[in-house]
Enquirer: 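A single structure is presented below for examination.
Chain A is the first sequence line, chain B the second, and so forth, proteins listed ahead of strands; every chain is numbered from 1.
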Amino acid sequence: MRELRYREALREAMTEEMVRDERVFIMGEEVGHYQGAYKVTEGMLAQFGEKRVMDTPIAEEGFAGIAIGAAMVGLRPIVEFMTWNFSAVAFDQILSNATKLRQMSGGQFTVPIVFRGPNGAARQTAAQHSHAMETFYAQIPGLKVVVPSTAADAKGLMASAIRDDNPVLVLEDERLYGIKGEVPEGEHLVPIGVAAVRRAGTQCTIATWGKMVPVSLEAAELLAAEGVQCEVIDLRSLRPLDHGTVATSVRKTGRLVIVHEAWPYGGPGAELSDRVQRDCFDSLRAPIVRCTGRDASMPYNKKLEELTIPGSATVTQAVRAVMAY
Amino acid sequence: MQDERTELLKLYRQMLLIRRFEEASAKAYSQGKIGGFLHLYIGQEACAVGTLAALEPRDYVVTTYRDHAQALARGTSARACMAELYGKVTGCSKGLGGSMHFFDADNHMLGGHGIVGGHCPIAAGAALASKYRGDGAVTVCFFGEGSATIGAFHEALALSALWNLPIVFICENNEYSMGTPLSRSLSVHDVSQKGPAFGMERDRFGASDVNEVRARMQVAIDRARNESKPTLIEVALYRYRGHSMSDPGKYRTADEIEERKKTDCLLVAEGKLGALGVTEAELLAIAESVDAEVEDAVQFAEASAEPDESLIEAFTYAPGV
């Protein structure tokens, strides 16, 4: 199968869906003439024109709200946040409008919309540009939140997000944009809410998402050399959260380590832990452990940044602790 | 002359219906039959009625939490509106929205929004969709002068002007953002002056004469429809009641309110109707039919069923993919 970079796979999904459906368009800062701050939308302006590839000024609350209004009356917008950090400025539009209009109107209006962009720490972008925002968004009923970790999923989850009649958040990752992987040509839909087992193993389950997937796979490789066989599960979707796939694995391994970049206080990792301990109480041989970003604002310094986000060393350490319990 | 008479009678009836509907809702609220917030439009009726009279069915209406008048003037039945206030399943939002969140998809009423200014981008989005599709529809967006200080309002104006969207922004300036008078909330009291800052046409007038409101709105609506250009309009008006039912309005004097009632939109319309040859008996007949319609709405709301528990999660997600 041919290989694409993650950013090209995202672009291919958006392009194919825009060809398929006239109602789909993309808007955001620098998505058109500049060809995308991270080149995800490169070439799309030339193909679709300014009507469907709309450059916006720096007004996240304004254009997020405009896209929601357009979705309410029948269009299917894709909104690019240059990074998810800036979505905080538009948070009220997502919280109070995108996810509430259907409920408040008694089901009369729906909001088929995609919000997308890179999430989490890039490289030394410091405290205001390194937020893992899923902690906030996964809380909200009415949203779907997906986090592709491979090029194939980048295409398949993006296409599913665009076709979904609900607001879907696609949390991408700057550090993943350049990775290559096999991507099916033509229609490729990955269902939202279904986790993927990335590595089979029998002794400890590692559940994770986004750029912590390759980190966890690297840790699993190191642990295999020590004789510890880990099963690595890529959740892919944080809302809905496929705890069933994790529970099935934990019933086999008896152990669970949850790895995520976001802060330790609450979030999808804590939610998963809560669900699995109830589902698998009799199977657990050790407490569920979360290996998370540190409880601090992101430091600029390279060494400190690396210490703040989980790496393969911290993941292996967590697994060893669980194995030794 | 005959057309003018018929048309004004229609608008007068709408204004009277809104007034009597809200008086009945205030009564029901004080009886504990309506919960939450209840923001009354009493005194401002000519603004909603005059504006919506200038619209076509394909146009969109977006407004704030003070939304009863817009829904009623747009054609949502008094029954569906009153039932919504009572939280009944027969309400225009199935009892899930309440006073602040009236929606009516069939009549292109896009709500009833509770976050000050947060609905201004939503309205601009409906206008963007009209431009995208070329459907010729215009969106009108109502908000209070209390919205003129928040970012979402300014971003909606900035983008609507930049993209030449077919929209009319209507600032209902009732001089008080909750309990704070203009003098303590806005550095420039003329809100319409913000239009030219974005290269947007503006207008500013009072709302005691419903015909005047309609005529002035028509100019802006035509500009939106024919030239795809936005307008910012400031309408000077006055609410006789507090910000909501829980506001006794101690920041205003009784004299101030009585003075404003002298130019009440119903009084002005009655004067004009008299000049057009409408008799006291005809006005009385209208009042009686309005009272009957409101009483019927109250009875309907009282008799309607509560929404079932199954509706709590029923609308969280749309089923289609």
Enquirer: Do A/Phe91 and A/Tyr137 make the cut of ring centroids closer than 6.0 angstrom?
Expert: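 Centroid distance A/Phe91-A/Tyr137: below 6.0 Å, so yes.
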Enquirer: Under 4.5 Å heavy-atom distance to chain A, tell me which part of B/Phe153 shows up: side chain, backbone, both or neither.
Expert: neither
Enquirer: Under 4.0 Å between a Lys/Arg side-chain N and an Asp/Glu carboxylate O for A/Asp153 and A/Arg236?
Expert: yes
Enquirer: Which of the residues B/Leu165, B/Asp104, B/Val62, B/Val89 is involved in the greatest number of heavy-atom pairs with chain A at under 4.5 angstrom?
Expert: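 If we count pairs closer than 4.5 Å to chain A, B/Asp104 comes out on top.
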Enquirer: Quick check on B/Ile115 against chain A: is it the side chain, the backbone, both or neither that has a heavy atom closer than 4.5 Å?
Expert: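 When you check distances to chain A, only side chain atoms of B/Ile115 fall under 4.5 Å.
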Enquirer: Heavy atoms, side chains only, cut-off 4.5 Å: are B/Ser130 and B/Asp135 in contact?
Expert: yes
Enquirer: Would you please indicate if the ring centroids of A/His129 and A/Phe86 are separated by under 6.0 Å?
Expert: yes
Enquirer: Using non-hydrogen atoms and a 4.5 Å limit, figure out which bit of A/Ile192 sits close to chain B: side chain, backbone, both or neither.
Expert: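 Answer is neither: A/Ile192 stays 4.5 Å or more from chain B.
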Enquirer: What part of B/Ala127 is in contact with chain A, defined as an atom under 4.5 angstrom from a non-hydrogen atom: side chain, backbone, both or neither?
Expert: neither
Enquirer: Which bit of A/Thr99 comes within less than 4.5 Å of chain B, counting heavy atoms only: side chain, backbone, both or neither?
Expert: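 Answer is neither: A/Thr99 stays 4.5 Å or more from chain B.
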Enquirer: With ring centroids as reference points, do B/Tyr60 and B/His108 lie under 6.0 angstrom apart?
Expert: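 So the answer is yes for these two rings.
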Enquirer: Which one of B/His101, B/Lys131, B/Glu313 has the most heavy-atom pairs closer than 4.5 Å to chain A?
Expert: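 The candidate making the most pairs under 4.5 Å is B/His101.
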Enquirer: Non-hydrogen atoms of chain B under 4.5 Å away: do they reach the side chain of A/Gln103, the backbone, both or neither?
Expert: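 Contact with chain B: backbone and side chain both.
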Enquirer: Between B/Leu157 and chain A, with a heavy-atom cut-off of 4.5 Å, which part of the residue counts as in contact: side chain, backbone, both or neither?
Expert: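 No part of it gets close to chain A.
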Enquirer: Would B/His243 and B/His39 count as a close aromatic pair, with their ring centres under 6.0 Å?
Expert: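 Ring centroids of B/His243 and B/His39 are less than 6.0 Å from each other.
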Enquirer: Are side-chain N/O atoms of A/Arg102 and A/Thr110 paired as donor and acceptor at under 3.5 Å?
Expert: no
Enquirer: Would you mind checking which part of B/Cys120 comes under 4.5 Å of any heavy atom in chain A, side chain (CB onward), backbone (N, CA, C, O), both or neither?
Expert: neither
Enquirer: Tell me, for A/Ile58 versus chain B, whether the close heavy atoms (under 4.5 Å) come from the side chain, the backbone, both or neither.
Expert: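 Neither part; nothing is under 4.5 Å.
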